[in-house]
Amino acid sequence: MMSPAVRILGSATGVAEAAADRIVEAAIAAVAARGVFHLCSTGGSTPAALYRALREPSRAARMPWGATQIWFGDDRVVPRVNPLSNVYPLDTELLNTDAAGADSPLSPSAVHPWPTAAADAPSAVRAYLAELQAVGVAHTTDGFPIFDLVLIGIGGDGHCLSVFPGSPLAVGGAPVAAGVSAPTHIEPQLPRLSFSLGLLTSAREVLALAPGAAKAEALARIFSDATVVGDLPAKAALIPTATWLLDTASAAHLPA
Ligand code: 6PG
């Protein structure tokens, strides 16, 4: 469970731009190979800059928007219009009309949020997994969607997705996805819907985005051989199909 690629950029903006560049290349390759690009996005504070970078003309012109479908690895159980929703940054940075008045390059129907208004978490999970099947996303034999690219952010406690330290979703044999109780140790303290860690090993490619000094201590623990996935779920992305995009501040405590 080792040997991801690690790139250390100069700043958080550099991380967003490197991620956007990689998304464009992965999308072009996926569409050439299979006619469609399934991107599984993430929440938190990192994606907004990434969506803005994707919309810059040099990238937007190359991106196969019409063949792109966007999903989410997890979400908070709030309406999409709530700024705490993981879909909100996409709505406000990618699906909106931009400052110059240009329409979004992406069709709203290509965005697939978790059904956070479902009656309960099991119904939401069933509906989301059914939507993946209906749209034709390939699956592993154990039921995980095979996304072309999965983006993850890293929490200061070492979580990714909404798989927190000690979570039943961090162990082998966990369900593909489940409802997660509101965490009490980290904001926002809201119930979540989340894939389990098998999402990462099932993906064709993973990009872990972790810029900023606030991530430095967690990254040092994640990259240490002395720690385990159960305590630091983001260790599950230390795989050869993953690239970790860090900046000089977040990489400060990593060995050279
Ligand atoms: C969520 C996320 C979560 C996030 C990390 C990093 O819903 O909270 O999907 O896994 O990506 O907490 O968040 P930041 O980018 O805000 O540091």
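Note that ligands are numbered from 1 as they come in the structure, with each ligand's atoms numbered from 1 the same way.
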Quick check: closest heavy atoms across Ala237 and Trp244, and the distance to 0.1 Å?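 So the two residues come closest at O-NE1, 2.8 Å.
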Below 4.0 angstrom from a heavy atom of [X], which ligand 1 atoms are there? Numbered from 1 as shown, please.
{"X": "Lys215", "answer": "14 (P), 17 (O)"}
{"X": "Arg192", "answer": "1 (C), 7 (O), 8 (O)"}
{"X": "Gly44", "answer": "13 (O), 14 (P), 15 (O), 16 (O)"}
{"X": "Thr46", "answer": "15 (O)"}
{"X": "Asn86", "answer": "1 (C), 7 (O), 9 (O)"}
{"X": "Arg76", "answer": "1 (C), 7 (O), 8 (O)"}
{"X": "Ile154", "answer": "6 (C)"}
{"X": "Ser45", "answer": "14 (P), 15 (O), 16 (O), 17 (O)"}

Crowded around [X] [atom1]? As in, over 12 foreign heavy atoms under 6.0 Å?
{"X": "Glu217", "atom1": "CD", "value": "no"}
{"X": "Arg59", "atom1": "CZ", "value": "yes"}
{"X": "Arg204", "atom1": "CZ", "value": "yes"}
{"X": "Arg34", "atom1": "CZ", "value": "yes"}

Using a strict cut-off of less than 4.0 Å between a Lys/Arg side-chain nitrogen and an Asp/Glu carboxylate oxygen, indicate whether Asp75 and Arg192 qualify as a salt bridge.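 No salt bridge links Asp75 with Arg192.
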Nearest non-hydrogen protein atom, [atom]:
{"atom": "atom 12 (O) of ligand 1", "value": "His159 NE2, 2.8 Å"}
{"atom": "atom 9 (O) of ligand 1", "value": "Asp74 OD1, 2.7 Å"}
{"atom": "atom 11 (O) of ligand 1", "value": "Thr42 OG1, 3.2 Å"}

Test your reading of the structure: does Leu161 have an N or O sitting under 3.5 Å from an N or O of ligand 1?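 Between Leu161 and ligand 1 (N or O atoms, distance only) the closest approach is under 3.5 Å.
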If the plane angle is over 60° it's perpendicular, under 30° parallel, otherwise tilted; pick one for Phe147 and Phe195.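 Perpendicular: the ring planes of Phe147 and Phe195 meet at over 60°.
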About how many Å separate CG of Leu190 and CG of Asn82, when rounded to the nearest 0.5 Å?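 Atom-to-atom, Asn82:CG and Leu190:CG are 7.5 Å apart.
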